[in-house]
Amino acid sequence: MRTTSHVIALLGALVTAGACRPSPDAAQSAAPAVENRTVTPTRDEHSYAEPDVVAVTHLALDLALDFDTKTLAGTATLDLNWKNPTATTLVLDSRQLRIGGAEAGDGTTWTPAKVDIAEQDPVLGSKVTVTLGRQAPKVRVRYTTSPDASGLQWLTPAMTLGKKTPFMFSQSQQIHARSWVPLQDTTLVRFTYHAHVTSPKEAMVLMSANNDPTAARDGDYTFAMPQPIPSYLLAIAAGDLVFRPITDRAGVWAEPAMADKAAAEFSDTGRMMDTTEQLYGPYRWDRYDILVLPPSFPYGGMENPRLTFATPTVVTGDKSLVSLIAHELAHSWSGNLVTFATARDAWLNEGVTSYVENRVIEALYGKDRLDMERVIARNELASEFTPANVALQPLAIKPGVLKDPDDNLTSTIYTKGAWFMQFLEERVGRAQFDAFLRGYFDHFAFQSISTVQFVEYAQVHLLDANPGKVSRAEFDAWLNDPGVPATAPQTKSTRFDAVDAARKTWLATGTLASPALTKEWSTHEWVHFVEGMPPTLSPAQLKALDGAYALTGTANAEIAQRWYPLTIRSGYTAARPAIADFLSRIGRRKLVMPTYRALAQTADGLRFAREVFAKARPGLHPITIGSVETALAAKPAS
Ligand SMILES: [Zn+2]
């Protein structure tokens with residue numbers, strides 16, 4: 001997943017991103033290696049499943065998709081691998097599902113099984129216990145999803161680009177697959193799947209499976225996913241979707257009005273695949289397609305295998321935000337191929353992926369661009385470290401800290417994780433580190449592993465194999481300590497030096513940089529220009545910037561999400577109509593939250609924010625709605 005800047009609400013107030021570095025905590029660097037040294041865990045604290053008793057190996061879905069009732073209804077048939085020879089109960093995860101019954105059998109003959117559905121836990125959902133008379137190779141569950149399923153969003157035609165066809169999509173990570181399929185919703189279980197889905201004829205249905213670019217749109221679709229995946233990679237989407245090829249194994253699905261723009265924006269996808277394969281071995285998932293969702297998609301991207309889900313907010317016309325695609329593609333190695341065992345090990349997915357993303361960006365667009373992306377990410381990381389979230393700052397989160405696995409989507413697992421990889425690369429040398437990572441992906445392919453397993457593998461294949469380069473204490477400090485270790489390699493961006501100089505001159509003298517300079521600026525430079533401003537400016541200064549650069553009303557949401565909070569803090573109400581438009585058009589949580597939070601600081605801002613939110617709300621994803629409601633529930637400071 002790509003969320004970055006995401007869940008600052010959970011982490012305390014947003015601090016203006018500055019250049020301050022989090023201080024290393026030397027006192028803790030002698031902490032023991034990752035605690036609770038065990039082999040692969042057999043239970044996941046965020047799932048009721050008991051995969052050490054019985055594990056699902058294959059899922060067969062037969063579902064009817066109904067836009068009118070906002071439901072998926074049908075059956076899920078689970079193939080079972082019984083590990084305990086005497087066990088006869090199957091425990092599944094569910095949330096908000098209406099379960100009509102279950103049967104056990106061999107696929108031909110079925111006998112009814114007893115189903116008990118426990119009361120719903122607010123985070124984990126409802127435990128489903130299926131009691132069989134005796135061990136059976138399959139269990140079939142009949143069910144209907146709730147219109148409010150936490151893992152599905154249903155959009156009316158008005159919320160789409162084309163305005164004619166309704167749209168729906170899933171977001172299963174972290175533990176929302178259980179809201180649309182009764183299953184063992186844990187990364188400790190991998191399964192293959194096939195699916196039969198019926199829908200209205202005007203909708204094209206896609207899944208994280210073998211989508212056929214030439215499929216006829218007839219309301220009757222079948223899918224097969226031959227590679228075993230964990231449940232959070234189960235995905236479905238339906239709407240007025242058309243296909244545009246990029247290469248013979250990559251392409252874009254999008255609404256008709258977005259398809260050509262997206263295909264042009266992502267035209268480097270083939271080169272990204274080639275580059276990643278050269279570094280880390282073959283792409284193992286056959287096709288790589290990108291589904292561009294409506295603007296309400298709450299995240300940047302989701303690495304659903306064979307079919308990345310992506311926000312349209314990265315389609316800017318200049319490829320300046322395509323690191324998102326490099327990121328989601330990189331998950332085809334780190335995450336989808338080698339998967340974190342529990343949400344506490346999420347850095348193994350996001351940190352390694354963000355590092356691979358960086359390598360692809362450097363290979364395709366150069367070191368200058370990578371340096372800018374690193375500086376922006378690390379400023380954000382620094383702004384997130386507060387005394388209140390010390391327990392979430394180590395890469396290896398201790399047991400019991402994460403109540404809700406959705407809470408671990410901080411910059412730490414992405415940016416500090418990638419920084420750790422860069423540190424290791426620079427210490428042992430790029431060639432040695434590339435060989436290590438490639439070997440790591442091969443060794444653990446199609447497995448879910450814990451941080452402990454990563455550490456044990458790295459001890460042998462990285463630390464021992466490169467004696468004298470990295471001490472175990474230095475290595476462990478990244479995993480166990482809050483903040484960023486003193487060993488962290490520093491990045492400087494010469495292109496940002498020019499931006500800093502331009503901003504400094506303007507603040508001191510009111511003289512703007514020459515258009516010859518600023519017309520060459522990419523999204524990154526504009527982001528840095530705005531981020532480096534003082535917490536407030538005078539309305540006259542903001543007006544001068546608007547006069548020169550038209551930042552109010554920018555179509556680039558990365559710039560908007562930084563510019564609007566500055567205008568709000570500065571009392572520049574001229575931006576309000578554009579802010580209202582921005583907040584009603586965009587549903588990606590990371591982009592809208594800084595503006596909502598800035599508005600919530602004053603009584604007048606809060607009133608305006610509540611008005612805008614009331615109008616925007618019907619088009620927002622439940623994940624974004626939850627975050628906005630939290631921000632607007634707080635009492636303003638003045
Ligand atoms: Zn990711």
Side-chain angles (χ1 to χ4, degrees), residues 1-2 169 204-217 221 223-227 229 233-293 297 299-337 353-354 356-365 369 441 445:
M1 190 154 34
R2 172 74 166 263
F169 63 86
M204 185 75 214
V205 178
L206 303 173
M207 291 191 79
S208 53
N210 65 335
N211 299 294
D212 175 5
T214 63
R217 208 192 285 196
Y221 307 96
F223 305 92
M225 183 58 183
Q227 289 103 347
I229 57 164
L233 295 176
L234 201 58
I236 187 168
D240 181 9
L241 294 166
V242 295
F243 180 80
R244 296 284 183 276
I246 296 172
T247 69
D248 58 358
R249 59 174 179 161
V252 168
W253 290 93
E255 287 193 74
M258 173 54 80
D260 290 332
K261 273 188 259 182
E265 194 80 26
F266 303 145
S267 64
D268 291 338
T269 302
R271 291 172 60 214
M272 288 183 175
M273 293 179 78
D274 296 344
T275 301
T276 321
E277 286 189 312
Q278 279 158 20
L279 286 168
Y280 305 116
Y283 178 76
R284 305 189 198 209
W285 307 86
D286 304 331
R287 293 196 59 82
Y288 178 76
D289 294 323
I290 300 161
L291 168 62
V292 180
L293 292 166
F297 184 52
Y299 293 121
M302 178 63 212
E303 64 272 21
N304 297 314
R306 296 170 178 240
L307 186 69
T308 280
F309 284 17
T311 173
T313 60
V314 295
V315 179
T316 52
D318 63 357
K319 299 186 181 179
S320 60
L321 299 176
V322 295
S323 62
L324 179 92
I325 302 302
H327 181 97
E328 305 311 334
L329 174 65
H331 272 306
S332 307
W333 285 261
S334 46
N336 300 6
L337 188 63
T353 289
S354 298
V356 171
E357 165 202 333
N358 289 347
R359 292 292 304 276
V360 172
I361 291 300
E362 181 182 351
L364 261 69
Y365 305 108
R369 171 141 166 195
F441 292 136

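Here the structure is a predicted model, which means the values were calculated and not measured.
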Does the [X] side chain pair with the main chain of [Y], one donor and one acceptor, at a distance under 3.5 Å?
{"X": "W333", "Y": "G281", "result": "yes"}
{"X": "S208", "Y": "N304", "result": "no"}
{"X": "D289", "Y": "V252", "result": "no"}
{"X": "T353", "Y": "S334", "result": "yes"}

Under 4.5 Å between any side-chain heavy atoms of [X] and [Y], yes or no?
{"X": "V322", "Y": "M272", "answer": "yes"}
{"X": "P305", "Y": "M225", "answer": "yes"}
{"X": "D240", "Y": "R217", "answer": "yes"}
{"X": "E265", "Y": "V314", "answer": "no"}
{"X": "D286", "Y": "Q227", "answer": "yes"}
{"X": "N211", "Y": "Y221", "answer": "no"}
{"X": "T308", "Y": "L329", "answer": "no"}
{"X": "L279", "Y": "V356", "answer": "no"}

Inset, instruction - Taking side-chain contact (heavy atoms from CB on, under 4.5 Å) as the test, write out the residues that go with A237, two or more places apart. - result: F169, L291, F309
Legend entry - Set of residues satisfying side-chain contact (heavy atoms from CB on, under 4.5 Å) with respect to P213, sequence neighbours excluded: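 By the side-chain contact (heavy atoms from CB on, under 4.5 Å) rule, P213 matches F243, R287.
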Inset, instruction - Scan residues 308-327 for pairs that pass salt bridge (charged side-chain N to carboxylate O under 4.0 Å, His left out), counting only residues two or more places apart or in two chains. - result: D268-K319
Legend entry - From E255 atom CD to L293 atom CG, the distance as rounded to the nearest 0.5 Å: 9.5 Å
Legend entry - Check against salt bridge (charged side-chain N to carboxylate O under 4.0 Å, His left out), E328 and R306: CA-CA 10 Å; E328 305 311 334; R306 296 170 178 240; over 6 Å; no
Inset, instruction - Check the side chains of Y288 and S332 for a donor-acceptor pair under 3.5 angstrom, ignoring hydrogens and angles. - result: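 Side-chain D/A pair, S332 to Y288: absent.
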Legend entry - Lys/Arg N to Asp/Glu carboxylate O, D260 vs R244, below 4.0 Å: yes
